[in-house]
S.K.: 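Below are the structure tokens for one structure; questions will follow.
Proteins come first, then strands; the chains are lettered A, B, ... in the order of their sequence lines, and each starts at number 1.
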Amino acid sequence: MDYKQIESKWQRIWAETGLYKFDKEKVDKKFYCLEMFSYPSGAKLHAGHWYNYGPADTFARFKRMQGFEVFHPMGFDAFGLPAENYAIKTGIHPEESTLKNIETMEGQLRRIGATYDWDYELKTCTPEYYKWTQWMFLQLFKHGLAYQKDAPVNWCPSCNTVLANEQAQGGVCERCGSQVTHKNLNQWFFKITQYADELLDGIDKLDWPEKTKAMQKNWIGRSYGGEIEFAVKGTDVKLRVFTTRADTVFGVTYVVLAPESPLVDILTTAEQKAAVEDYKERSAAATEIERMSSTREKTGVPTGAYAINPVNGREVPVLVADYVIASYGTGAVMGVAAHDERDFVFAQKLGLPVERVIKSKDGSDDTLPYTEYGVLVNSGEFDGMTSEDAKLAILKKLEKEGKGCLKTNYRLRDWLVSRQRYWGAPIPIIHCEHCGAVPVPEEDLPVRLPHNVNFTPDGESPLKKCDEFMNTVCPVCGRPAKRDADTLDTFVCSSWYYLRYPDSKNADKPFDTEWIDKVLPVDKYIGGAEHACMHLLYARFFTKALRDMGYLHFDEPFLSLVHQGTILGPDGNKMSKSRGNVVSPDDSIVKFGADVFRVYLMFGFNYVEGGPWNESGLESVNRFFERVERIVKKCFAMSFEDAPIGKSEKELNRVRHNTIKSVTNDLATFSFNTAIARLMEYVNAIYAYEAGVEKKHAIYKECAKDLVLLFAPFAPHFCEELWEVLGEKYSVFNQPYPTYDEKATILDEIELAVQINSKLRGRIMVANGAPKEDVEKAAVAEVAAQLDGKPVKKIIIVPKRLVNIIV
RNA sequence: GCCGGUGUGGCGGAAUGGCAGACGCAUGGGACUUAAAAUCCCAAGUCAGCAAUGGCGUGUGGGUUCGAGUCCCACCACCGGCACCA
């Protein structure tokens with residue numbers, strides 16, 4: 001078969017007949033199959049794209065043939081830093097390069113031969129789309145889920161510019177190599193933490209990879225504990241700490257504040273002023289790398305103040321140390337030297353006494369620090385209580401006295417969405433000297449991204465330098481005002497695109513609620529695992545927030561999720577230009593065609609694991625295609641006499657039904673490689689029949705027809721062509737996927753392994769379903785010589801597998 | 001350090017606690033051919049043996065079980081995520 005010719009032929013016919021158009025009338029049978037949309041940073045689809053889209057399309061076709069009305073859209077996540085960087089380097093405007101890349105990629109995506117319904121295509125960088133991204137921002141703002149506050153950005157003092165995290169990796173500027181510092185800017189945040197509990201508790205109900213669920217849970221990082229209030233000696237300052245180990249409070253040896261805590265300046269005594277100031281400066285100057293290293297030696301200085309332990313009145317020093325994070329909990333912690341590894345080391349360094357307040361439950365372990373739960377000692381009225389009970393009892397008592405409370409904290413932080421970048425959706429806010437931050441009225445959306453902007457890095461947000469963009473009037477008071485100069489994080493665009501797809505042309509609303517309630521949630525979402533804690537979490541947050549605003553009526557956007565693995569270079573390393581191990585799919589596709597290429601991807605790897613590229617597999621898949629084509633054509637050129645159904649026919653039919661069963665199950669679980677292996681076995685069985693039977697029965701033809709149907713989702717152009725060659729009616733994809741008859745899969749006679757003491761010693765053939773006694777008798781007879789007259793103690797029969805004789 | 005995952009022939013990879021290595025690649029042999037290619041068929045974990053056959057085999061060491069790649073305990077290596085979260 002001339003792959004090139006049949007691919008363009010069928011792609012044309014599929015398009016002309018609108019074969020993959022989503023039929024809205026059949027939405028009750030919908031199946032929303034979605035792959036993470038493409039990011040057009042490079043001009044071309046690489047092996048990773050194919051590995052995502054090819055198998056996913058096979059799955060979509062399978063669902064279609066199973067009778068679902070598959071909604072399968074595609075689009076582009078088109079804003080973002082790479083296009084802007086490319087523009088800085090080459091002078092080509094991001095809009096120009098992005099649209100050009102999209103065009104190229106669209107062409108390539110069409111040539112995959114996928115079932116996308118392009119009517120629903122969207123590009124996040126168009127005003128028709130980002131108008132609604134801005135609308136989303138306004139809704140979040142209206143509902144108190146967007147707020148602004150000062151937050152640090154990565155700053156390169158030499159380039160005089162803001163850097164994205166990925167440009168500041170290792171604390172060094174990507175461009176010039178200088179040390180990255182921090183600078184505070186007023187920026188917008190989304191209050192994702194307000195949904196922390198629901199985001200966490202909802203995870204268990206999702207059909208997602210366990211690994212991804214675990215990552216998201218850890219990322220949210222809920223910890224139950226409490227706050228305890230320490231009075232500061234000689235002042236009326238109350239200092240609150242967060243702890244998960246309130247049971248150790250009688251053993252507090254010191255209290256630590258984060259250097260950024262506002263209490264530091266209040267509490268520091270005159271004698272300690274110089275030392276504390278010095279310490280604050282040093283930790284502020286510490287680079288990202290130093291701060292992030294957990295092997296870094298713990299440092300800290302005393303403030304000179306003393307805190308009073310609310311449970312026993314003991315006075316302990318108040319220190320400043322930068323291992324305490326200002327933004328978590330209260331920015332202050334209590335140190336319990338006897339029961340915490342780090343506190344133990346730190347207290348010894350400072351020469352503080354260590355007192356044990358927890359004993360192991362069985363009294364076996366008396367080494368310090370003792371960090372396990374145990375039984376309280378030296379803890380007054382709580383002595384003898386277990387840690388588990390005491391944690392609550394102590395907090396409850398403190399709560400009664402107004403000196404503490406139960407408290408839950410999260411590792412999850414609010415989502416910083418401001419980017420000091422050009423190529424993104426402008427933030428629809430106007431800053432007015434009199435009215436403050438004023439939302440742009442919805443009827444004024446979109447706030448258009450101006451085209452002619454100088455985005456070379458020189459220390460300003462690019463939009464700030466564009467007067468025609470910046471200068472506006474306040475919608476409230478009408479006086480001159482400035483627009484927000486920042487753009488939105490591209491993750492905002494991708495947090496709701498799956499909601500836009502079903503209604504992508506709606507000019508009045510982001511989507512019609514009644515309609516998307518029917519199409520969503522997404523039934524199968526397929527994409528990379530690297531999005532576990534960002535995109536997938538943000539999208540869930542958006543869904544829940546929009547639900548609470550009444551714009552939709554489901555809780556989770558993606559019911560079922562699959563991550564494809566990573567295709568590595570032939571050397572087993574991640575493909576990268578610098579390693580020189582990047583494999584382009586183009587050559588292979590030119591040589592073998594899109595179908596062979598995608599089947600190779602499905603056959604050669606475990607889909608969720610991926611693995612190193614291996615050229616030789618393509619040849620073998622190509623050979624399989626030719627093998628299929630030969631036998632199918634041969635079979636259909638044949639005429640059949642009325643041959644009786646014999647053993648061979650029965651066997652062929654059995655393999656057929658077994659294949660249908662296995663392939664169907666394997667496809668449902670994305671086990672493409674074993675599904676194809678079963679199809680190969682099926683083809684082998686057909687060849688065996690072809691070679692072994694003189695007078696062929698018409699069942700042979702049915703089997704060949706089923707082969708084409710079964711293989712169609714894997715090799716769409718190839719099977720559509722075969723289907724036509726066979727004289728069948730267009731299209732093979734309007735045919736139902738073959739179903740199997742359980743009875744036909746059952747063998748009349750089965751082979752059982754016979755073991756003596758679990759070692760293989762022989763084999764027997766028995767009738768399927770033969771009574772236990774017969775099986776035992778046959779087995780014992782088979783290995784009688786080896787039993788050597790030893791008495792049989794026990795016989796274990798595993799149905800359809802083996803007989804184990806214990807002597 | 002914490003969380004998660006992976007470890008199986010020469011290679012990619014299969015195996016609801018039940019014959020390890022399906023399917024394929026590479027390899028060897030045969031058929032067809034004047035010949036080669038293509039095709040079709042067969043063999044093949046490894047060690048010893050002419051062979052029948054036997055021993056050993058799923059990262060390592062233990063354990064549970066009639067039976068363990070699979071379950072449990074300890075450890076090693078690699079990969080991914082988090083990284084002072086109190």
S.K.: Identify which nucleotide among A22(B), C41(B), G18(B) has an atom closest to any side-chain atom of Tyr687(A), counting heavy atoms from C-beta outward.
M.R.: C41(B)

S.K.: Round to the nearest Å and state the distance from Ile805(A) atom CD1 to C19(B) atom C1'.
M.R.: 14 Å

S.K.: Syn if the chi torsion is within 90° of 0, anti otherwise; quick check, which is G29(B)?
M.R.: anti

S.K.: Ile796(A) side chain: which of A86(B), C19(B), C66(B) is closest?
M.R.: C66(B)

S.K.: U8(B) and U46(B): how far apart are their C1' atoms, nearest whole angstrom?
M.R.: 14 Å

S.K.: From C-beta outward on Gln755(A), which listed nucleotide comes closest to its side chain: C19(B), G24(B), C84(B)?
M.R.: C19(B)

S.K.: Distance check, P atoms only: C72(B) and G7(B), in whole angstrom units.
M.R.: 15 Å

S.K.: Across the strands shown, which category fits Gly221(A) at heavy-atom distances under 4.0 angstrom: base, sugar-phosphate, nothing?
M.R.: nothing

S.K.: Determine the Euclidean distance between corresponding C1' atoms of G17(B) and G81(B); express it in Å to zero decimal places.
M.R.: 32 Å

S.K.: Quantified in whole Å, what is the C1' atom distance between nucleotide A22(B) and nucleotide A31(B)?
M.R.: 27 Å

S.K.: Please report the distance separating the P of A35(B) from the corresponding atom of G30(B), rounded so that it comes out in whole Å.
M.R.: 13 Å

S.K.: With sugar-phosphate meaning primed atoms plus P, OP1 and OP2, does Gly610(A) contact a base, only sugar-phosphate, or nothing at under 4.0 Å between heavy atoms?
M.R.: sugar-phosphate

S.K.: Any side-chain N or O of Arg342(A) less than 4.0 Å from the OP1 or OP2 oxygen of C85(B)?
M.R.: yes

S.K.: Do the side-chain N and O atoms of Tyr279(A) and Thr299(A) include a donor-acceptor pair separated by under 3.5 angstrom?
M.R.: yes

S.K.: If the cut-off is 4.0 Å, is Ser223(A) near the phosphate of A86(B), judged by side-chain N/O to OP1 or OP2?
M.R.: yes

S.K.: Could one point to a donor on the side chain of Arg411(A) or the base of C82(B) with an acceptor on the other under 3.5 Å away?
M.R.: no

S.K.: Which residue, Ile325(A) or Arg801(A), contacts RNA chain B at a nucleotide closer to its 5' end, judged by nearest heavy atom?
M.R.: Arg801(A)

S.K.: Could you work out the separation of C40(B) and C78(B) based on their P atoms and round it to a whole Å?
M.R.: 44 Å

S.K.: Is it the case that the side chains of Thr58(A) and Arg598(A) hold a donor-acceptor pair, with the cut-off being a distance below 3.5 Å and no angle test?
M.R.: yes

S.K.: Give the rounded distance in Å between these two atoms: CD of Glu619(A) and C1' of C11(B).
M.R.: 16 Å

S.K.: Check the orientation of Phe711(A) and Phe714(A). Use parallel for under 30°, tilted for 30 to 60°, and perpendicular for over 60°.
M.R.: parallel

S.K.: Could you please name the option among A86(B), G81(B), C11(B) that lies closest to any side-chain atom of Val324(A)?
M.R.: A86(B)

S.K.: Base, sugar-phosphate alone, or nothing: which one does Asn409(A) contact when heavy atoms must sit under 4.0 Å apart?
M.R.: nothing

S.K.: Which nucleotide, A86(B), G18(B), A22(B), lies nearest any side-chain atom of Arg678(A)?
M.R.: A22(B)

S.K.: So what does Asn606(A) touch, heavy atoms closer than 4.0 Å: a base, only the sugar-phosphate, or nothing?
M.R.: sugar-phosphate

S.K.: Any side-chain donor paired with an acceptor under 3.5 Å for Glu651(A) and Tyr689(A)?
M.R.: no

S.K.: Considering every strand and a 4.0 Å limit on heavy-atom distances, what is the contact class for Glu210(A): base, sugar-phosphate, or nothing?
M.R.: nothing

S.K.: Do Tyr682(A) and Asn658(A) have side-chain atoms, one donor and one acceptor, less than 3.5 Å apart?
M.R.: no

S.K.: Of the nucleotides C66(B), C19(B), A15(B), which one has an atom closest to the side chain of Lys794(A)?
M.R.: C66(B)

S.K.: Between the base of A86(B) and the side chain of Arg245(A), is there any donor-acceptor pair under 3.5 Å?
M.R.: no

S.K.: Has the side chain of Arg761(A) got a donor or acceptor atom sitting under 3.5 Å from an opposite partner on the base of C19(B)?
M.R.: no

S.K.: Which whole-number value in Å describes the distance from Asp340(A) CG to A86(B) C1'?
M.R.: 7 Å

S.K.: Taking atom types as modelled and ignoring hydrogens, do the side chains of Tyr3(A) and Asn622(A) form a donor-acceptor contact shorter than 3.5 angstrom?
M.R.: yes

S.K.: Is the closest side-chain donor-acceptor distance between Ser327(A) and Arg413(A) under 3.5 Å?
M.R.: yes

S.K.: Pick the nucleotide of RNA chain B nearest each of Cys533(A) and Thr243(A); which residue has the one closer to the 5' end?
M.R.: Cys533(A)

S.K.: Leu601(A) has an atom CG; how far is it from atom C1' of G12(B), in whole Å?
M.R.: 13 Å

S.K.: Can you check whether Asn684(A) has a side-chain N or O nearer than 4.0 Å to OP1 or OP2 of G24(B)?
M.R.: yes

S.K.: Please state the C1' separation for the pair G21(B) and U65(B) - nearest whole angstrom.
M.R.: 24 Å

S.K.: OP1, OP2 of A26(B) versus side-chain N and O of Arg623(A): anything below 4.0 Å?
M.R.: yes

S.K.: Taking CG from Asn673(A) and C1' from G12(B), how many angstroms apart are they, rounded to a whole number?
M.R.: 10 Å

S.K.: Hey, does the side chain of Tyr328(A) come within less than 4.0 Å of A86(B)'s phosphate (OP1/OP2), counting only N and O?
M.R.: yes

S.K.: For RNA chain B, what dot-bracket results from Watson-Crick or G-U pairs at under 3.5 Å, with [ ] for crossers and | for inter-strand partners?
M.R.: (((((((..(((.....[....))).(((((.......))))).((((....))))..(((((..]....))))))))))))....

S.K.: Between C1' on C3(B) and CD1 on Ile220(A), what's the gap in Å once rounded to a whole number?
M.R.: 15 Å

S.K.: In this structure, how many angstroms lie between the P atom of C25(B) and the CZ atom of Phe603(A), rounded?
M.R.: 8 Å

S.K.: Under 3.5 Å, is there a donor-acceptor pair between the Tyr328(A) and Ser223(A) side chains?
M.R.: yes

S.K.: Considering only side-chain heavy atoms of Ser620(A), which listed nucleotide, A15(B), G24(B), C19(B), is closest?
M.R.: G24(B)

S.K.: Quick one: Lys793(A) NZ to U65(B) P, roughly how many Å, whole number?
M.R.: 14 Å

S.K.: Go through the side-chain N and O atoms of Asp666(A) and Ser671(A) and say whether any donor and acceptor fall under 3.5 Å apart.
M.R.: no

S.K.: Begin with the C-alpha distance, continue with both residues' side-chain angles, and end with the deciding distance and a verdict on side-chain hydrogen bond (donor to acceptor under 3.5 Å, both in side chains) for Arg540(A) and Tyr538(A).
M.R.: CA-CA 5 Å; Arg540(A) 295 182 64 217; Tyr538(A) 296 149; over 6 Å; no

S.K.: Give one of base, sugar-phosphate or nothing for Arg627(A), where a contact means two heavy atoms less than 4.0 Å apart.
M.R.: sugar-phosphate

S.K.: Quantified in whole Å, what is the P atom distance between nucleotide C73(B) and nucleotide C82(B)?
M.R.: 27 Å

S.K.: Remember a base hit wins even if backbone is also touched, and classify Arg630(A) as base, sugar-phosphate or nothing at under 4.0 Å, heavy atoms.
M.R.: sugar-phosphate

S.K.: Testing the 3.5 Å rule here: is there a donor-acceptor pair between the side chains of Asn409(A) and Tyr224(A)?
M.R.: no

